Amino acid sequence: MTLACYGLGVAGTRPIAIGPAFLLDRSPLAVAPRSVNAAAVAGELQRLEDALAAAREALRVVRDQIPSSTPVKVAEFIDSHLLMLEDAALVDPARALIRERSFSAEWALEQHRMSLVKMFEDMEDPYLRSRRDDVDHVVQHILGFLLGGRSSDPESDADLRGCIIIAHDISPADTVILRQQQVAAFVTESGGPTSHTAILARSLNLPTVVGVHKVTSYFRPGETVVVDSEAGVVLADVDAEILAHYRERMRELEERRARLQHLVKKPSLSADGIPVSLLGNLELPEDTAATRANGAAGVGLYRTEFLYMNRDDLPDEEEHLAAYLEVVHGLEGVPVTIRTLDLGVDKQVDGSSATCPPACNPALGLRAIRLCLKEPDLFRPQLRAILRASAHGPVRLLIPMLSGIRELDSVLALIEQVSRELDHEGLAFDPRMPIGGMIEVPAAALWATAFARRLDFLSIGTNDLIQYTLAVDRIDDTVSHLHDPLHPAILRLIRMTIEAGRTRGIPVSMCGEMAGNPRYVSLLLGLGLREFSMQPDSLLEIKELVRSSHIARLERATEELFAHLDDQEPEQLAQAIERICS
Ligand code: PEP
Ligand code: MG
């Protein structure tokens, strides 16, 4: 009988893998409680030091072997683990336990690991809570040497090509080696949407399902496993029919990818001749190549949070500028929309004094533009760098999380001030650089006309707009069933925003996940959206849909839908929406 396990899928362009299961022994090492006699204490201390040195050395070897094609995030994770291994706070308490309570080296380390893990688990912030895994990896790595030389090299003599790696968790160091061995997919027991395994899987573009409870005890080594990261499901013991279905789906996806290639150079025009701008969302400067390869007309959202991650200090103006110019030059003349810093919910800024009291709700707190206005020292170097980048190509500046007009006026005043400074210093910038605002808070959508009057463009962030309108936390999987982009309230807010732009004569784009989902394209075209920004991998699929759409017809159907929005039963309404979508 088919065995199915569910978790959180991290889907890339190749969402399905089929292959033999390889159970990576990354279960937590069992450590027995043990004390030693007084004469053996010095020896235990030495064992701990030796294991620490060996752990550092092994990780350095892994770090040095990272091929240049590996995403920079992977190296950053390993660097952060190396730093932890250098940090006295990681082992000093274990040394004390050996000296004062005569614990064996491994038991002392295990005791300290448990207290660190507890400390992280008690943290309110989901991102910091997920950093618990890092502590676990690093201490397990040292324990491996204490308990008999287990190294970071996962099963170096095994041939893992094409295997589905099933593990309790996978460390960043494992990830590098496993990728070199051309594994097909990852499935892990631990990890949520912000866990580092999920982050790395996204950047490595391997099908991954994380948070699959007890998966290591369900699957047998060598048996054929299907990983469907779109659905977040892992299957074993599948019959020939299911296997054939997935093989067929993989073939279709490959074929489809190849077939869509001819669209790269084709214009993005609807069947009735209306131009629709298709743009890319960038997470890292390295995504520029994929954006170009998929024929994007520009970048609708360049998220800049990566500049602040995995470090203790803040990026300076030159570092900002270099990251922006890499994209501006890489895209040769197409517009690049740089969004100012959006930190504060699941990621806090190291080096900033802003902290969230434990009981507060960070999604409603000092986030994004609110944080930037509170900490101008954090914000000014970024503003200066974005302005300076505008002297090198078409750059647009995008402000996240706006909720009020006074807030917007403060940002505009600050941009004005920074521009005057640059002028004074003789530094070049484009004084007409377009400035836009994200509409991702319901208040901003309801008041979009006022924002549109002051801004050059609007961009709808549906990820947050849905979270805030429906009161459904984006990172809480217990309420994800309530996440509904087709909720009439969401459609109404999108429509209001598009109309506000039209009335004021400014462009409105959408850069939330909804814009790159084929399911919503017809409805969004019918609502009047003409600029879609999405993960570069989705561009060609959306272009194909746009080119086969009759926008005038979709607009009529959508008008009709809105004319009866308030007097239809939910079931009828859902069917009417579905008719436009399909
Ligand atoms: C959004 O909220 O839709 C958006 C694009 O911003 P982010 O996902 O970075 O919050
Ligand atoms: Mg957002």
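Indexing begins at 1, ligand by ligand and atom by atom, following the structure's order. Because the structure is predicted, anything quoted here is derived from the model rather than measured. Excluded from the calculations below are hydrogen atoms, water molecules and symmetry mates; all remaining heavy atoms, backbone and side chain alike, are included.
Proximity to Gly512 (heavy-atom distance under 4.0 Å) selects the following atoms of ligand 1: 3 (O), 5 (C). The Arg367 neighbourhood of ligand 1 comprises atoms 10 (O), with distances under 4.0 Å to a heavy atom of that residue. Close approach of ligand 1 to Leu301 (heavy-atom distance below 4.0 Å) involves ligand atoms 5 (C). Every atom of ligand 1 is numbered from 1 in the order shown, and the set under 4.0 Å from a heavy atom of Cys511 is 5 (C).
Judged by distance alone, with hydrogens and angles left aside, the side-chain atoms of Lys543 form no donor-acceptor pair with the main-chain N or O of Leu278 at under 3.5 Å.
For the residue pair Gln382 and Thr304, a side-chain donor N or O sits within less than 3.5 Å of a side-chain acceptor on the partner. No side-chain donor-acceptor contact under 3.5 Å links Thr208 and Ser229.
With a 4.5 Å cut-off on side-chain heavy atoms, Phe186 and Val209 do not count as touching. Side-chain contact between Leu402 and Val441 is absent, with no heavy atoms from C-beta onward closer than 4.5 Å.
Ion pairing of Arg339 with Glu283 is absent here, as no side-chain N (NZ or NE/NH1/NH2) approaches a carboxylate O to less than 4.0 Å. Using a cutoff of 4.0 Å between basic side-chain nitrogens and carboxylate oxygens, Glu544 and Arg256 are scored as salt-bridged. Between Glu317 and Arg380 no salt bridge is recorded (no basic side-chain N to carboxylate O distance below 4.0 Å). The pair Asp342-Arg367 meets the salt-bridge criterion, since a charged nitrogen lies less than 4.0 angstrom from a carboxylate oxygen.
The shortest N or O to N or O distance between Glu440 and ligand 1 is under 3.5 Å.
Here His320 and Tyr308 bring their ring centres to under 6.0 angstrom of each other.
Neither the backbone nor the side chain of Ile460 has any atom closer than 4.0 Å to an atom of ligand 1 (non-hydrogen atoms only). Neither the backbone nor the side chain of Glu305 has a heavy atom within less than 4.0 Å of ligand 1. In Asp342, the part holding a heavy atom less than 4.0 Å from any atom of ligand 1 is the side chain.
At the top of the distance list for atom 3 (O) of ligand 1, counting protein heavy atoms only, stands Asn463 N, 2.7 Å. Among protein heavy atoms, atom 6 (O) of ligand 1 sits closest to Arg339 NH1, 3.0 Å. The nearest heavy-atom contact from the protein to atom 10 (O) of ligand 1 is Arg474 NH1, 2.8 Å.
The Mg ion (ligand 2) has no N, O or S atom of Asp342 under 2.8 Å away, backbone or side chain.
Glu513 does not count as a contact of ligand 1, since none of its heavy atoms falls under 4.0 Å from the ligand. For the ligand labelled ligand 1, residue Met401 lies outside the 4.0 Å heavy-atom shell.
Remark: at the Mg ion (ligand 2), atom OD2 from Asp464 and atom OE1 from Glu440 enclose 90°, rounded to the nearest 10 degrees.
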